[in-house]
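The next block holds one structure in the form of structure tokens; read it before the comments.
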Amino acid sequence: MEYRFNEIEQKWQAKWKENKVYKVSNDSAKPKYYVLDMFPYPSGAGLHVGHPLGYIASDIYSRYKRLKGFNVLHPMGYDSFGLPAEQYALETGQHPAVTTERNIATFRSQLDKIGFSYDWDREVRTSDPDFYKWTQWIFLQIFDSWFNRATNKAERIASLLEIFETEGNLHHDCPGDKSIQFSAGEWKAFNEKEQQDILMDYRLTFSSYGEVNWCEALGTVLANDEVVNGVSERGGHPVEKKKMRQWYLRITEYADRLLEGLERIDFSDAMKEMQKNWIGKSQGAEMDFIIKDQQEHLKVYTTRPDTIFGVDFMVLAPEHELVNKITSAGQKKEIETYLTYVKSRSERERLAEVKQITGCFTGAYAINPFDDREIPIWIAEYVLAGYGTGAIMAVPCGDQRDFAFAKHFNIPITNIIGDYYNGEEANPTKEAILQNSGFLNGVSMKGAISIAIAKIEGLGIGNRKVNFRMRDAGFSRQRYWGEPFPIIWSDGIAIPLDADELPLELPHVDKYGPGPNGEGPLANIEDWVNINLTPNPSPKERETRLQGEAELASDHLLENKKDEPGYYNSSLPEWQNTLAFAKENRKELTEAEGVIWQKLRDRQLDGCKFRRQHPIAGYIPDFVCLEKKLIIEIDGEYHNSEEQKSFDEARANWLAENGFEMIRFTNEEVKNNIKDVLIKVSQKLNEVEKTDRSKNEKSNQPSGSGSSLLWRGVGGEVKRETSTMPGYAGSSWYFLRYMDPHNDQTFCDRKASDYWGQVDIYIGGTEHAVGHLLYSRLWTKILFDLGYVSHDEPFKKLVNQGMIQGSSRFVYRLAWSVTGEDFDQSLLPQLFISKSIADKIISEDEEAIKETGGIAKELLIKAFPGREDLSIFRISVIETHVDVSFVNGVELDINHFKNWRNGEYADAQFVFENDGKYICGVETEKMSKSKYNTVNPDVLVQKFGADTFRMYEMFLGPVEQSKPWDTKGIEGVHRFLRKLWRLFYDDLKGKVWNEDKATDAELKVLHRTIKKIDEDTERFSFNTAVSTFMICVNDLADMKCHKKEILEPLLFLLSPYAPHISAELGSLINAKSSPIGEDAERSVYPTFNPALLVESAKEYPVSINGKVRTNINIALDITQADVEQIVLKNEVVQKWLEGKAPKKIIYVKNKMVNVVI
RNA sequence: GCCCAUGUGGCGGAAUUGGUAGACGCAGCAGACUCAAAAUCUGCCGUUCGCAAGGGCGUGAAGGUUCGAUUCCUUUCGUGGGCACCA
């Protein structure tokens, strides 16, 4: 019986799927464990062998934890909004939804082949309305929040309003604009627009005009982390600064907490370092300088107030507001010229020419408050407007840039650090003792910092100040394929949609080009953008209405109470009860309801949005389409009673009066003839369309009716926000959705997030260091502050998988030039030269060139008989990528190559090595389609099986390290699995395993393996775990051990790594019911028994002066003196001693013995 | 320029706390089985001197600490990654 991996793997994968073996419950007595992969963007290219590396690691760990008795959440989903799908749509006209769907199907089929233990019932997709409904909802929560610096957390806008009404913003500086200050009285006097504008400056998501990174080629703005060296990260298009209205996340308010949180999480140093760098916290002081003969003050930020006496000039950013005010008449012209020059320079030029020194003197002087020196004020590009105060005090002896500037413009340099400064370059030391420094003379620089700050604060001319490099994160994109903002603009006021109006679905478009004025494609859909409503009530009325909402709702109920048999509620608490009831109800679908819901959801029927169990004025219909005011009722049997019928009737009457139409079906109709049912519903929907609904639009609907815009009193010209959210919106919280993926009442039930808590292990690449990982930390902190989750760091431990690099192969094509009348060079025969000869030609080896030239000449004669005039005058070689799939090691498969690219090389000729082989060149590069070095996992799984593939990926090296892919080695792992198989079944003899009692030696092998696998799996050292399995199987094979007592526990150990073969063999040796790979509940995962490994003696390495010379077997329970005796008696030791006495003998129990001579 | 990671056979890598450097696998070489191939099995496999026994050298380089260093410290070089007029 041989190891038929393909059969076995298909069988078990089907079985796992059918029995839902990996379904996870939120309700378990077992301890929880959350293992998460960074979900993929489903690109069109499919998976290559680099992608599953992290997935395999996390799968092994999940399976291991499951066997160890944990309730493991191990989900997968897709980050399915994003630029590439939209770019593809622009090029091909295919809707992103379609291509995304297709790509997901490819990914899924590839993933399935590898045998992962994901709970696919929890799959999420960020582009699914059921998902982005909650992305929008969370956005609204953040919109409704501000950061209270006093409590250091996010709070609701309502609390801010309360504060404003009692004390203005006296104690709460406006983070958006520090200059805004007002009292309670002033606040109350502001009009609606003014108030809203101020609130916007506090909100944690806010809209404002600002400089953004505009990428013309992509037609969108980019976040700072999406711009690399002045070009877009995706596509490398130029990026320019542009003023536009944008949405932002006020991440700067969280800078300190994001920094502090790093201390509490297990990320690699490199990762933490990158985040720290990005946040860029620096401590220093801000101080004011008086400007000579002027009213103005100059505020600078410095981290080195100790160098105040070394200030030789000041520099302002060219954009600084003081520039115009202080420039002297004499310098005006020059400054203007300089400003024109600065404006002409693109961001890219500025970055590219960092070393170029430019600047201009303003003619103004600042006064050093400590020694009254007059300090010239310059402007220069190298000072950035956006950081600190946009102005610096320059200390040329201590700062290299200041030094270069001073040298360039001949500004005299003051030395305050004595010998530390050599006049040749600046020295940014903090070690020096200060000189020429007034009251700081003789003080060390480190100490002087706080002394200087104290003095500055004492004089009231400045204060201690912390600065951050991080900017608020741009949160809008002028793009189509993303979450629409649930925001409506009315007279410049951003009005959030109500929660029950979510999701605001992405409308269908046919064209993906940008809209007018740099807006996104959505701006082109006028029907969607413009919302025309009847004239609106005043803002004050609006407020009153909002408050009266609930009362109004219950008024309706009261009014109608007499007409119905006690079904409706009458008071506010009861109304709330109804809501709670609806929430409960929504979870349980009857069979018939389930059938029809599958056909109604997601606007499948005539594009109409249906809601299920959506409360309307105290009554909960089964399904309702709010836009069409159509209710669908599916009646269970109990509705057949007389009493029930009259009751239903009363309800129907009430609804009819309020403009609702109802259509009802029986369970049987739905179950047996869903088609007719849907036709009837569709007819109704279209009827409703035609009827006059004006009477219904008088807007006295209760809350939650879906048209609450009327309630908020907006009207006139009202437009939707047309930009969409960036790629990182959905990924900032998706890990929470997995915990409770089907909840349509909330983004994630608090019970679920309390149970699952933090992600215990998060596995993914390093490329998300300052993007996704920072934003998800931010969102989690905000949700924590608002009380929606119980932890403020999402990921407890992060493991970064390394990149798998491609191993490229090259062929060398002869590049030759032929002289001859009207000769078309492109007709020359193709000649490919094997590696070693090509190398010689490249290094201009004359012999090789001559020889190859001869071969080329022959070819030429053959190809063009009769053309005697042709002669070769130059040859060289061109290196070209060739597809790795038809290179065996380094040897090219010639036939395969000739068929490549539709036979482009069908007629190619070759110059071989001496042994008749064509050898290719090799280089390690990034894996990419264009380099023909990608390896598709499907092919390997087909050829060697998923188990081999999984173990080989792990065997390649540490998960966290980058390493080149080499398919060749996979055979070793495959051999190992076959060897394992042969411990159970021989190809010829069949069954060889037996039930004999294991010997001590065999048990020792097993338990040594148990111990090592436990340790290695826990510390993510999967490569050494695989080699441990190999050692174990080698040992057992050597011992000819085929005993079930040993082999069965081994299968348990192996099952996380190679689940299919373990399951198969497990079920074969335990025919009735093997739990291996099938049932973690009944798992009897082996435990390590240290007693079995206890030895009485050990072969000690004995070294002389630290060099091992021999081994001696010594009992473990022996004294130092006895050891010395034994060692000294040893022949080898005596030989080295040459009769002398040793100086010292070092004996470390269980380690070694060292004799020092 | 600054920060982080990293450097071990022909190759991927192992050595978990300072204690036998090179586990395990690939590639290679020699052999067994076979008509042959595949599969499988056995042996060799850092380098150098030596017939051998045995010895010298050896973890990028140089120095140091230590009885003992791939591991700790200092200096330096290479590679990969991040940040970069951030005052």
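G81(B) and C85(B) are spaced 22 Å apart, taking the C1' atom of each and rounding to whole Å. With C1' as the reference atom, G63(B) and G9(B) are 26 Å apart, rounded to whole Å. Comparing the P positions of U8(B) and A61(B) gives an interatomic distance of 10 Å, to the nearest angstrom.
Rounded to an integer number of Å, the gap from CD1 of Ile1031(A) to P of A15(B) is 11 Å. Atom C1' of nucleotide U17(B) and atom CD of Glu1015(A) are separated by 13 Å, given to the nearest angstrom. The distance between atom NZ of Lys281(A) and atom P of C3(B), rounded to the nearest whole Å, is 20 Å. Taking atom CG on Asn1111(A) and atom C1' on G19(B), their separation rounds to 13 Å, with Å as the unit. Rounded to whole Å, atom C1' of C4(B) lies 13 Å from atom NZ of Lys272(A). Atom CG in Leu956(A) sits about 11 Å away from atom C1' in G25(B), given to the nearest Å. When the P atom of G82(B) is taken as reference, atom CG of Asn800(A) falls 13 Å away, rounded to whole Å. In this structure, Ile279(A) places its CD1 atom 14 Å from P of C83(B), rounding to the nearest Å.
At the phosphate of C86(B), OP1 or OP2 sits under 4.0 Å from a side-chain N or O atom of Arg401(A). Residue Ser1103(A) places no side-chain N or O under 4.0 Å from the OP1 or OP2 atom of U20(B). The side chain of Gln961(A) places an N or O atom within less than 4.0 Å of a non-bridging phosphate oxygen (OP1 or OP2) of G13(B). Of the side-chain N and O atoms in Asn1023(A), one or more sit less than 4.0 angstrom from OP1 or OP2 of A14(B). Remark: Tyr301(A) is not in phosphate contact with C86(B), judged by side-chain N or O atoms under 4.0 Å from OP1 or OP2. Side-chain N/O atoms of Arg469(A) include none lying less than 4.0 angstrom from OP1 or OP2 on A84(B).
If you check U20(B) for Watson-Crick or wobble pairing at under 3.5 angstrom, you find it has no partner at all. Applying the Watson-Crick and G-U wobble criteria (two distances, each under 3.5 Å), A32(B) pairs with U40(B). Summarising the base pairing, U47(B) is matched to G56(B) through a Watson-Crick or G-U wobble pair whose two defining distances lie under 3.5 Å. In this structure, G68(B) forms no base pair with any nucleotide, since neither Watson-Crick nor G-U wobble geometry is met with both distances under 3.5 Å. Nucleotide C83(B) forms a Watson-Crick or G-U wobble pair with G1(B), both donor-acceptor distances falling under 3.5 Å. When both distances must be under 3.5 Å, the Watson-Crick or G-U wobble mate of U6(B) is G78(B).
In the set A27(B), C85(B), G25(B), C85(B) carries the atom at the smallest distance from any side-chain atom of Glu381(A). If you check A87(B), A39(B), G19(B) against the side chain of Arg978(A), the one that comes closest is A39(B). Relative to the side chain of Leu384(A), the nucleotides U20(B), A87(B), U40(B) differ in distance, and A87(B) lies closest.
Within the 4.0 angstrom heavy-atom criterion, base atoms lie near Lys1012(A). Across all strands, Asn1034(A) comes closer than 4.0 Å only to sugar-phosphate atoms, never to a base (heavy-atom distances). Nucleic acid contact class of Arg1019(A) (heavy atoms, under 4.0 Å, all strands): base. At a threshold of 4.0 angstrom between heavy atoms, the contacts of Lys1143(A) with the nucleic acid are absent.
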Going 5' to 3' through nucleotides 44-81 of chain B, assign each nucleotide B (protein heavy atom under 4.0 Å from a base atom), S (under 4.0 Å only from sugar-phosphate atoms) or - (no protein heavy atom that close). ----------SSSS---------BS-------------
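Within the structure, salt bridge (Lys or Arg N to Asp or Glu O under 4.0 Å) contacts touching residues 1005-1032 of chain A (residues at least two apart or in different chains) are Lys65(A)-Glu1018(A), Lys68(A)-Asp1014(A), Arg1008(A)-Asp1035(A), Lys1011(A)-Glu1015(A), Lys1012(A)-Asp1016(A), Asp1016(A)-Arg1019(A). The list of salt bridge (Lys or Arg N to Asp or Glu O under 4.0 Å) pairs with a residue in residues 952-967 of chain A, not counting sequence neighbours, is empty.
Between Lys281(A) and Asp256(A), at least one side-chain nitrogen of the basic residue sits less than 4.0 Å from a carboxylate oxygen of the acidic one, meeting the salt-bridge criterion.
A donor-acceptor contact closer than 3.5 angstrom links the side chains of Thr414(A) and Asp312(A).
Considering only heavy atoms from C-beta on, Phe949(A) comes within 4.5 Å of Ile56(A) through its side chain. Between Phe955(A) and Phe976(A), every side-chain heavy-atom pair lies at or beyond the 4.5 Å cut-off.
Both Met271(A) and Gly972(A) sit near RNA chain B, but only Met271(A) has its closest nucleotide nearer the 5' end.
Ring-plane geometry between Tyr338(A) and Tyr341(A) is classed as tilted, the angle between the planes lying from 30 to 60 degrees on a 0 to 90 degree scale. The aromatic rings of Tyr1100(A) and Tyr1147(A) are tilted relative to each other, their planes meeting at an angle between 30° and 60°.
A 6.0 Å sphere centred on CZ of Arg464(A) holds no more than 12 heavy atoms belonging to other residues, nucleotides or ligands.
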